[in-house]
Number of protein chains: 2
Amino acid sequence: MAASTLTEVARLAGVSPATASRVLNGSARKPGKDIAERVRQAADSLGYIPNAQAQGLAKSSSGLIGLIVHDIADPYFAAIARGVQEAAREQRRMVLLATTGGAPGEEKEAVAAFAARRADSIVIAGSRSSRAEDGDDNAELAAELDRYCRNGGQVAVVGHPVVGAAAPEGYHVVSVPNQELAADLAVELAAGWEGDFVIIGGPEGLFTSDDRIRGFQEGLSRAGRGPAEVLRNSFNRSGGYDAGLKLAARIKAGGTGEGGRPAGNGLGIFAVNDVMAIGAAAALRAEGLRIPRDARIAGFDDIETLRDFRPALSTVSLPLEEIGRLATRATAPPTADGDEQDSAPLPVTGRVMLRRSTEATD
Amino acid sequence: MAASTLTEVARLAGVSPATASRVLNGSARKPGKDIAERVRQAADSLGYIPNAQAQGLAKSSSGLIGLIVHDIADPYFAAIARGVQEAAREQRRMVLLATTGGAPGEEKEAVAAFAARRADSIVIAGSRSSRAEDGDDNAELAAELDRYCRNGGQVAVVGHPVVGAAAPEGYHVVSVPNQELAADLAVELAAGWEGDFVIIGGPEGLFTSDDRIRGFQEGLSRAGRGPAEVLRNSFNRSGGYDAGLKLAARIKAGGTGEGGRPAGNGLGIFAVNDVMAIGAAAALRAEGLRIPRDARIAGFDDIETLRDFRPALSTVSLPLEEIGRLATRATAPPTADGDEQDSAPLPVTGRVMLRRSTEATD
DNA sequence: CCTGATTGGGAAAGCGCATTCCCACTTGTT
DNA sequence: AACAAGTGGGAATGCGCTTTCCCAATCAGG
């Protein structure tokens, strides 16, 4: 698309393009008042819009932040995206969005596209996986990121480093204490209750899921309980639903799979993210079961849309927007007031939220 | 950020930059096989990444689509964004995201920023408002869009044209039959039920809200019913919650405000979007009331997260992702196979979904 | 008045790329 | 052999902008 150019503004104002640029963009060299006024009027009358591409080329800084998510309509990613947007706005930058379905190969393509656009930084949200089938793509993604950082780009990854990434200068990780928080949740859920636990996890090798499983088992151990059985499923609502169907069949058959009968209020289910918990709850409901009467359920994340979920779901609350903001700020250039921006993991914490879904029913 | 350049690739391969460009980008002029091989090897060994900004400058096409939403974490906008992402991907373009809170002044700033980046097209989602307080900003937004279109950009607006926009060449509207669908909903809700209706609307002057209100009143009239009372509130969950508190108080006091007592199953509430309906339902619940026992509730949009809302909410289902896709495709350049892309409103339709929230309770 | 320092405007160069046009070479036809 | 047509490579130009450096003008001090 064409629009008027700085050269046209300069010509109309009767000055050089250098002077027009100085007036409109600021400069150490201050043009005279009369000249500045002429330039501004010329720009107004021509409806001058700067060409950001030409500016980026001349200045070697694009003002773009690339954001990679699995699915923008997933409340987890949407909340992080909102935080990224806010922080980007503070930095007067714009967000380029890429949706990848969580496939490392797709993520690598997105990084390459951002690099081509000379995005100043990239924020990557979404779980990492060490599954064998992702091995080649992980390696390519890591190589692409290393190259991007070596060329001067900044990267912030939410959760875990990209598998195989060299963590060069400019590479930041916003760690999330999934393990510790899941342990805390387990301790609180086990307190004063003697029922059996089962964990609905994502695929093996998916770091977020594995951390949360490991943490929950640690918490159970800390509370003097034996390890819970783990059901492996897709890391989404549908995976939770499938696991929920299996568990509903068990509850109805009166068994709990590997242990004895549920004691007291039935089975305690921990799903490693909220949407899986929601899926499992939907399955139990579809099978005529009630929460928390027939089984207790807890999730992880505290996505915003949980607010209207009934029964109120116990979960670990993560500050998702804040995570997006932190990641974005981690990639910001050093500011004039000397703020420290280093590659150390940034502190994020969460909270156990016990709600109706895991309360006693008398 | 810096990376190797086409010029360096050409030098390493021993050819001119023009030839290197032809090899890597394709051209009517086909370089010889030996030369092409040398160029490709040089590009590989240098890890050449094209500079999209320079390409955009040279080609006058940026490959960017600007997307303006009110709040990316709102399920309505997130679903539209997903559709835009998919369609953008088909066109091998990238999406620039701007979040504006629905303020026309913020939207104008976003349009200007997209114009500076020479975005090839812009998709604007979110309700239009003719409120007096928005008048100046609406005029500025319209002027900015007109200029953008005159400079060759393509715009697609979801729902209503921007107030004051001249609808120049390149300006498309993806209309949504809010009025007709709301009328259909009213007809179906009124069928076989004699209770009173009340409408929870957004602020006056907000087109989407006003259309849905008008449509619902028409549907009631068609069904031989008198007009429903309209409560005006913020066009979000919180606005629905506030209205719900008022209605709860009435229900508890045994009145319905302007009519007599609720007949049969209480009051029939139509909220002009799902999140308002959810807010109202939350308020009723907080006041100890049950849906649909004490009041029936219906919303509009059928956002994805409604899936796990209980009781299942009656609503008008809109194909939100499809709307995003249609809008994006409306702004695509004509393709080689001669597809027609004109400024006529594009057909979108929806469906009334009657669910548990408006069913009879015996 | 002369000299030196400071300030501001403009010319030039370059950021990285795509495209056009000129030229040389090859092939085919008469 | 001569001429015409086709093909491919390279030089030049320009997309819109920023920055640097040269030069001229002005001011202040001796």
Side-chain angles (χ1 to χ4, degrees), chain A residues 1-40 42-43 46-64 113 115-120 151-152, chain B residues 1-40 42-43 46-64 113 115-120 151-152:
Chain A
M1 56 165 293
S4 50
T5 63
L6 187 77
T7 307
E8 288 163 0
V9 172
R11 190 182 305 127
L12 183 61
V15 300
S16 77
T19 300
S21 180
R22 290 179 184 123
V23 170
L24 297 176
N25 299 314
S27 173
R29 171 151 304 180
K30 304 297 182 196
K33 276 203 0 200
D34 290 347
I35 289 181
E37 186 54 34
R38 279 200 338 256
V39 169
R40 289 203 185 92
L46 286 174
Y48 170 65
I49 304 170
N51 183 322
Q53 294 183 89
Q55 288 182 328
L57 194 52
K59 289 199 296 191
S60 295
S61 169
S62 70
L64 293 170
R117 292 192 180 276
R118 302 307 191 259
D120 297 328
N151 287 334
Chain B
M1 56 166 294
S4 50
T5 64
L6 186 78
T7 308
E8 286 162 3
V9 172
R11 193 182 304 126
L12 184 61
V15 300
S16 76
T19 301
S21 178
R22 289 182 185 119
V23 170
L24 297 176
N25 300 312
S27 171
R29 170 152 305 179
K30 303 295 179 193
K33 273 195 14 187
D34 290 346
I35 287 179
E37 186 55 33
R38 275 197 342 254
V39 170
R40 287 200 187 94
L46 286 175
Y48 171 65
I49 305 170
N51 184 322
Q53 293 182 90
Q55 289 181 328
L57 194 53
K59 287 198 297 189
S60 295
S61 171
S62 70
L64 293 170
R117 291 192 180 276
R118 303 304 192 263
D120 297 327
N151 288 334

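All chains are named by letter (A, B, ...) in the order of the sequence lines, taking the proteins before the strands, and each is independently numbered beginning at 1.
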Check your understanding: Do Leu6(A) and Pro50(A) come within less than 4.5 Å of each other through their side chains, counting heavy atoms only?
Key -> no
Closest to the 5' end of DNA chain D, once Val15(B) and Asn51(A) are matched to their nearest nucleotides, is Val15(B)
Scanning both residues in full, the closest heavy-atom pair of Asn25(A) with Gln55(A) reads OD1-NE2, 3.9 Å
When rounded to whole Å, the CG to P distance for the pair Leu6(A) and dG14(C) reads 20 Å
Glu8(B) CD to dC17(C) C1', in whole Å, measures 13 Å
To the nearest angstrom, the CZ-P distance between Arg22(A) and dG9(C) comes to 8 Å
**Request:** Would you mind classifying the nucleic acid contact of Gly26(A) as base, sugar-phosphate or nothing, using non-hydrogen atoms under 4.0 angstrom?
**Result:** nothing
dist Tyr48(B):OH -> Leu12(B):CG (nearest 0.5 Å) comes out at 13.5 Å
Taking for Ala28(A) and for Ala18(A) the nucleotide of DNA chain C with the nearest heavy atom, the one nearer the 5' end belongs to Ala28(A)
Gln55(A) CD to dG16(C) C1', in whole Å, measures 16 Å
Counting any heavy atom closer than 4.0 Å, what does Leu57(B) reach on the DNA or RNA strands: base, sugar-phosphate only, or nothing?
base
Separation of dC15(C) atom C1' from Gln53(A) atom CD, nearest Å, is 13 Å
When rounded to whole Å, the CG to P distance for the pair Asp34(B) and dT7(D) reads 19 Å
**Prompt:** Looking only at atom types and distance, does a side-chain atom of Glu37(B) sit under 3.5 Å from a main-chain N or O of Asp34(B), one as donor and one as acceptor?
**Reply:** no
TODO: Have a look at Pro17(B) and say if it touches a base, only the backbone sugar-phosphate, or nothing, with a 4.0 Å heavy-atom cut-off.
DONE: nothing
OP1, OP2 of dT18(D) versus side-chain N and O of Ser21(A): anything below 4.0 Å? yes
**Study point:** Side-chain N,O (Thr19(A)) to OP1/OP2 (dG9(C)) below 4.0 Å
**Key:** no
Problem - Gly56(B) backbone acceptor or donor facing Ser62(B) side chain under 3.5 Å - result: no
In whole angstroms, the gap separating P of dC15(D) from CD1 of Ile49(A) amounts to 18 Å
Against the side chain of Ala58(B), the closest entry in dG14(D), dT18(D), dG16(D) is dG14(D)
Of the listed dA18(C), dG8(D), dT20(D), the closest approach to the Lys59(B) side chain comes from dA18(C)
### Task
Answer yes or no: does a side-chain N or O of Ser16(A) lie under 4.0 Å from OP1 or OP2 of dG10(C)?
yes
Between CZ of Arg11(B) and P of dC17(C) the distance, given in whole Å, is 12 Å
Q. OP1 or OP2 of dT18(D) less than 4.0 angstrom from a side-chain nitrogen or oxygen of Asn25(A), does that happen here?
A. yes
